[in-house]
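Since we're looking at a predicted model, the values are computed, not measured.
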Amino acid sequence: MPQVIKAVNENNQLNQTSSSGISAFEALKGLDREGSKKAIAARLFRNEEKQEDPVDLGYRLSEGERVEPITPDSPEALEIYRHSTAHLL
């Protein structure tokens with residue numbers, strides 16, 4: 001049975017796909033192709049409960065998960081930039 005993966009854009013428009021194991025970026029791209037190019041990470045919701053940590057765009061979604069884009073103007077963006085930069089130092 002195919003798994004249903006959900007993606008929600010910033011306007012809370014829902015996108016569903018039956019491809020299991022797609023990346024967060026692929027789910028966001030299916031929702032808003034141009035908007036997905038701005039995403040630097042994704043908010044993960046598991047069974048409609050927001051997870052504490054954001055996920056990178058390569059994260060593979062499982063059944064019952066949905067994502068929302070985190071863009072440079074999102075409140076979490078600065079923390080993500082700092083975390084990523086720390087890996088370079």
Name each donor-acceptor pair under 3.5 Å that joins a side chain in residues 82-89 to protein atoms two or more places apart or in another chain, with its distance.
from, atom 1, to, atom 2, distance (Å)
H83, NE2, H87, NE2, 3.0
S84, OG, I80, O, 3.1
T85, OG1, Y81, O, 2.7

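- Both F25 and V55 sit in one connected hydrophobic cluster of ILVMFWY residues. Membership requires side-chain heavy atoms under 4.5 Å apart, directly or through other members.
- Taken from CG in D73 to NZ in K38, the straight-line distance is 8.0 Å, to the nearest 0.5 Å.
- In terms of modelled atom types and a separation under 3.5 Å, the side chain of E48 and the main chain of R46 share no donor-acceptor contact.
- Between the side chain of N47 and the backbone N or O of E49 there is no donor-acceptor pair closer than 3.5 Å.
- In this structure, S23 contributes its side chain and E26 its backbone to a donor-acceptor pair below 3.5 Å.
- Considering only heavy atoms from C-beta on, P54 stays 4.5 Å or farther from R43 through its side chain.
- Inter-residue side-chain proximity for L31 and S36 is flagged as unmet; no heavy-atom pair is nearer than 4.5 Å.
- Nearest heavy atom pair, residue L28 against residue A39, reads CD1-CB, 4.2 Å.
- The environment of Q51 atom CD is dense: over 12 non-hydrogen atoms of other residues, nucleotides or ligands sit within 6.0 angstrom.
- A donor-acceptor pair is defined here as one N or O able to donate and one able to accept, closer than 3.5 Å; such a pair exists between the side chain of E65 and the backbone of S62.
- When atom types are taken as modelled, the side chain of R66 and the backbone of L44 share no donor-acceptor pair closer than 3.5 angstrom.
- Of all heavy-atom pairs between R60 and G21, the closest is CD-O, 2.7 Å.
- Shown here for A24 and A42, the closest heavy-atom pair between the two residues is CB-CB, 4.2 Å.
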